[in-house]
Q: 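Please see the structure below; I have some questions.
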Amino acid sequence: MIITRREVRDMLRDWRIIAPIILLTVIFPFLANWGAGRMTRWVGQYDAEIVGDRLIPFLLMIVGFFPISFSLIIALESFVGEKERRSLEPLLSTPVTDTQLYIGKMLSSTVPPLVGSLLGIAVYLVGVYINVDWKPSLLLLAQIVLLNVIQALVMVSGAVVVSSQTTSVRAANLLASFIIIPMAFLIQAEALIMFWANYSALWWIMLGLAVLNVVLVRMGIRIFNREELLGNEIDELNLGATFKRWYKLTLARKEDGTHRSAWRWYREEVFGAIGRMKGAVLVVTIALIAGLFLGIRYSRVYAIPGEVFHTDQWYERFQEALTLTGFVGAKGVLRVAFQNVRALFLASLLAVFSFGTLAILILMVPLGLVGYLGSQMVLAGINPLVPWASILPHSILELPAAVLAGAAAVRIGASVLTTQDGKTVGQGWVEALADATRLWVTLILPVLLLAAIVRRL
């Protein structure tokens, strides 16, 4: 709190920070209020009052978000700005822990814009009540306020991570696009929810943002290092050295030149890599089982008419569809293998940008479809052995390969959250990537190709 009070006091003295927040707090709600009143009266002429009713709560959300956007600018300067102003050394020499210093900076970057957001919401509500006699329900108002608070915390958490890992304000501002662009997409999704009036979906968004905020705070605290913050003068990206390190770790040769047999290398380096990500394997396995049961659950909610499965020559038409799509014959083996590799590679790529979460979601989709369609066929009166016999032989090979690929992707995405002592974030990430590459070449790809052959048989 000492750090927070110091930072907030300094910000209140700077008119360049306070003036825009005050202007957005006072002027923009009046503009939104005027626009809501004009729109409500205009659509009322065409018996489309529902448009105005949905526009007013949407503007309430936007009015609260605009002052919060300044929290991103303040947070980007939290550490690197102090460094450029030569005031960082006295701050880092204070007798506070890294966690206290980090969270103090976060709170100080959040408080002024958040107060402005709440004041803007109050100004807008007063104006729209006077103008069109509209007032929100207590639940909707609570949702908007909580959503703005959590969005501010997420933006600040990400910006403070950027500020503590860069060497100049210019670099921090450039990296801010990784925060602004996802948040802009989120605002668009929230706009659809507000116009659809499906306000219960906002709770799920808040839950996801809360989890993301915890992840970002944990990551920022783990990678925060006072000595590196003072010592780094320029950001350097040596792609050549990074590639050489990745290649060396992938081959996993003994540094002392000791020779190992192929089987011993395979046992130590391939199965050893699996042992290093056993936690991720467990998470992916649980997620796949959950995806299967979700598919079964929704087969009761969204049922397919049973006569679809009892149409004459249904099996023959299914085989014809497989032939037309190229999933039969020798080419079909390669097509199936390519499809599996492409899906797992895409999941691995998206895991890098989502701390591994998108990889899990992508892997859950096929199991959800299997559970859904298999349950639909059983409900239609088809022998349950038919759907399972058609997928079980090759799935015995595909599922372990998918679990390993998903676990490797999760480990890559989460490597920034679980840095080991004495290693930087980049070193931990390269090690996880090397383990994943070794698994793909020596185990996952061969198993996927074998599964495609079994599917053909």
Side-chain angles (χ1 to χ4, degrees), residues 139 143 147 185-186 188-212 280-311 314-315 317-319 321-322 325 327 336 339-340 342-344 346-348 350-351 354-403 405-407 409-410 413 451 455:
L139 180 62
Q143 285 180 315
L147 185 63
F185 283 122
L186 179 63
Q188 293 180 29
E190 292 171 356
L192 292 175
I193 291 172
M194 299 299 288
F195 278 104
W196 198 260
N198 186 17
Y199 301 131
S200 60
L202 295 178
W203 294 116
W204 292 104
I205 293 178
M206 283 186 272
L207 177 62
L209 288 174
V211 173
L212 178 60
V281 169
L282 179 61
V283 169
V284 173
T285 302
I286 294 174
L288 293 183
I289 296 174
L292 180 65
F293 280 100
L294 280 174
I296 296 174
R297 163 70 176 82
Y298 280 99
S299 67
R300 271 77 172 176
V301 179
Y302 303 101
I304 298 176
E307 56 269 17
V308 173
F309 299 99
H310 292 288
T311 306
W314 177 82
Y315 183 77
R317 291 194 295 112
F318 178 71
Q319 291 295 325
L322 290 179
T325 53
F327 281 99
V336 169
Q339 171 64 20
N340 289 331
R342 181 175 63 175
L344 292 176
L346 177 63
S348 302
L350 293 177
S354 62
F355 305 108
T357 54
L358 287 180
I360 296 176
L361 294 177
I362 290 177
L363 291 176
M364 290 175 66
V365 171
L367 269 294
L369 291 175
V370 168
Y372 177 79
L373 294 176
S375 182
Q376 293 286 358
M377 295 174 72
V378 172
L379 291 175
I382 298 176
N383 189 336
L385 294 178
V386 173
W388 288 111
S390 62
I391 63 174
L392 194 58
H394 58 85
S395 296
I396 294 175
L397 296 171
E398 282 181 353
L399 279 177
V403 169
V410 169
R455 181 194 290 262

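FYI, the numbering just counts along the sequence from 1. Source: prediction; values computed, not measured.
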Q: Stepwise, does the side-chain contact (heavy atoms from CB on, under 4.5 Å) test hold for Leu363 with Val403?
A: CA-CA 8 Å; Leu363 291 176; Val403 169; over 6 Å; no
Q: Please say which of Leu367, Ile362, Leu369 ends up in a side-chain contact (heavy atoms from CB on, under 4.5 Å) with Val365.
A: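 Exactly one option meets the side-chain contact (heavy atoms from CB on, under 4.5 Å) with Val365, and it is Leu369.
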Q: If I compare all heavy atoms of Ala407 with all of Ala280, which pair ends up nearest, and what's the gap?
A: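 Smallest heavy-atom distance, with atoms named: O-CB, 3.5 Å.
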Q: For residues Ser375 and Arg297, is any side-chain donor paired with an opposing acceptor at under 3.5 Å?
A: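 Arg297 and Ser375 do not have a side-chain donor-acceptor pair below 3.5 Å.
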Q: Working to the nearest 0.5 angstrom, can you tell me the gap between Ile289 CD1 and Met364 CE?
A: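 Interatomic distance, Ile289 CD1 to Met364 CE, rounded to 0.5 Å: 11.0 Å.
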Q: My understanding is that only residues two or more places apart in sequence, or in another chain, count here; which of them pass side-chain contact (heavy atoms from CB on, under 4.5 Å) with Ala201?
A: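 Scan of Ala201 (side-chain contact (heavy atoms from CB on, under 4.5 Å), adjacent residues dropped) gives Ile193, Asn198.
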Q: If you take all heavy atoms of Ala405 and Ser348, which pair is closest and at what distance?
A: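 Smallest heavy-atom distance, with atoms named: O-OG, 4.2 Å.
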Q: Once rounded to the nearest 0.5 Å, what's the spacing between atom CD1 of Ile360 and atom CG of Leu288?
A: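 Spacing of CD1 (Ile360) from CG (Leu288) equals 9.0 Å.
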Q: Got a donor-acceptor contact below 3.5 angstrom from the Gln143 side chain to the Trp203 backbone?
A: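 A pair under 3.5 Å: no.
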Q: Can you measure from OG1 (Thr285) to CG (Leu399) and round to the nearest 0.5 angstrom?
A: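 Thr285 OG1 to Leu399 CG: 9.5 Å, rounded to 0.5 Å.
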Q: How long is the span from the CG atom in Leu202 to the CG atom in Leu207, to the nearest 0.5 Å?
A: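 Going from the CG atom of Leu202 to the CG atom of Leu207 covers 12.5 Å.
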Q: Taking Tyr372 for the side chain and Tyr302 for the main chain, is one N or O donor matched with an acceptor at less than 3.5 Å?
A: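 Checking the backbone N and O of Tyr302 against the side chain of Tyr372, a donor-acceptor pair under 3.5 Å is found.
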Q: I want to check something: taking the side chain as every heavy atom from C-beta on, are Val410 and Val281 in contact at a cut-off of under 4.5 Å?
A: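 They are not in contact (no side-chain heavy atoms under 4.5 Å apart), so the answer is no.
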